[in-house]
Number of protein chains: 2
Amino acid sequence: MPNNQFKRGELYSFITGKASTAIARRLQKNFKQQGVEITIEQWSVLYHLWKQDGMSQQELCNSTFRDKPSITRLVDNLEKQKLVKRVSSKEDRRMNMIFLTETAKRLQDQSMDIANQTLNEALEGVDVGDIDLCKAVLQQVYDNLK
Amino acid sequence: MPNNQFKRGELYSFITGKASTAIARRLQKNFKQQGVEITIEQWSVLYHLWKQDGMSQQELCNSTFRDKPSITRLVDNLEKQKLVKRVSSKEDRRMNMIFLTETAKRLQDQSMDIANQTLNEALEGVDVGDIDLCKAVLQQVYDNLK
DNA sequence: TTAAATTAGTTGCATAACTAACAATATGCC
DNA sequence: GGCATATTGTTAGTTATGCAACTAATTTAA
């Protein structure tokens, strides 16, 4: 039996990612309660644009760990809500560069506060060293599978 | 600044659950490659029925951490694929008891093998003690938010 | 014993995911 | 230049999630 063989119940919860689902739901709820009308998926796109505005859709795919159709639709919806604008690149007309609107720029601080607050709710009572170790394990898992 | 305040990049990856998404995708891929034609969401329902056949939809909601409409539709699809049958309860006619078909029962061993194999891929090179600690942290997160 | 409240499940609507197939543009090689 | 190949993004079809509103059956309580 391999080293890491899980017991039944544990396997389930690890695979289905109960904890990350719970965090996502809570973040969505906190956004809503504080009047931030975006989905967490939209937030994840904005998050990367706040770090670097004007990324291409392909770059957003890589950053957000989503496939191209997903980004197409997320950008569609963000555009409908007037949070980003598609600008087709002059050097390579296949590419769309995605730019934040002023509205989206104003959302950054508030939404990052909500995200941090959500994580603090999630991690209440967890030892800081344990969090670091957990982050390392999850990173290793990601690297193993990517 | 609260104890658990995350640095930017770490916050993102923890919230979006990159690792659990990666595990889910790999499990789906492994199912497909080995000819098991179910989604991971369907698997999560079957998983609980394998432990205890004949649960009600509400019990499946609690076990799988999904809401009622999700379970309604998952059971719809599982029924279409002839993997489960709805039987309305004689004691309480509001309730549907969900029963595995023979086809679904035969899927158990193979799919559990694939799930274990997937976890072993995911956890390769991770210290067993660290896994335990990580499981404990994730459980705590779940408990904090539920 | 009826009326109100609760519980179990379904349906409709919006968003999002994955796969596969596709159009348009760009690159590389002859 | 011209054709095969890559890359970027879109569209279509299926599955899934969350929320709100709904039906039907059951329980509680006036």
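Scope of the values below: all heavy atoms of this structure, side chains included, with no hydrogens, waters or symmetry mates. Lettering of chains follows the sequences in order, A, B, ..., and the numbering in each one begins at 1.
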For this session: Ignoring backbone atoms, test whether B:S70 places a side-chain nitrogen or oxygen under 4.0 Å from the OP1 or OP2 oxygen of D:dT17.
Result: yes

Problem set entry | B:F65 CZ - D:dA16 P separation (whole Å) | 18 Å

For this session: Please state how far atom CD1 in A:I71 lies from atom C1' in C:dA16, giving the value in whole angstrom units.
Result: 11 Å

Seminar exercise, completed: What residues 90-97 of chain B contributes to the DNA chain C interface at heavy-atom separation below 4.0 Å is B:R94, B:M95, B:N96

Problem set entry | Net bend of the helix from C:dT1-D:dA30 to C:dA24-D:dT7, end axes of five pairs each, nearest 10 degrees | 20°

Exercise. Rounded to the nearest Å, what distance is computed from the CG atom of residue A:L60 to the P atom of nucleotide D:dT8?
Worked result: 13 Å

Exercise. Tell me: CG of A:D76 to P of D:dT10, nearest whole Å?
Worked result: 7 Å

Exercise. Given atom NZ of A:K68 and atom P of D:dG9, what is their separation to the nearest angstrom?
Worked result: 7 Å

For this session: Please report, rounded to the nearest Å, how far the P atom of D:dT10 is from the CD atom of A:Q58.
Result: 11 Å

Exercise. Does the side chain of B:N144 pick up a donor-acceptor pair with the side chain of A:E124 at under 3.5 Å?
Worked result: no

For this session: Indicate whether OP1 or OP2 belonging to D:dA16 is found under 4.0 Å from a side-chain N or O atom of B:R66.
Result: no

For this session: Could you tell me the separation between the CZ atom of B:R86 and the P atom of C:dA8, rounded to a whole number of Å?
Result: 15 Å

For this session: Tell me whether the OP1 or OP2 atom of C:dA17 has a side-chain N or O from B:Q28 closer than 4.0 Å.
Result: no

Considering only nitrogen or oxygen atoms on both sides, find all protein atoms under 3.5 Å from nucleotides 20-22 of chain D and state each distance.
none

Problem set entry | Spacing between A:R73 atom CZ and D:dG13 atom P, to the nearest angstrom | 11 Å

For this session: Scan side-chain atoms only and decide if A:N30 and A:E121 contain a donor-acceptor pair under the 3.5 Å cut-off.
Result: yes

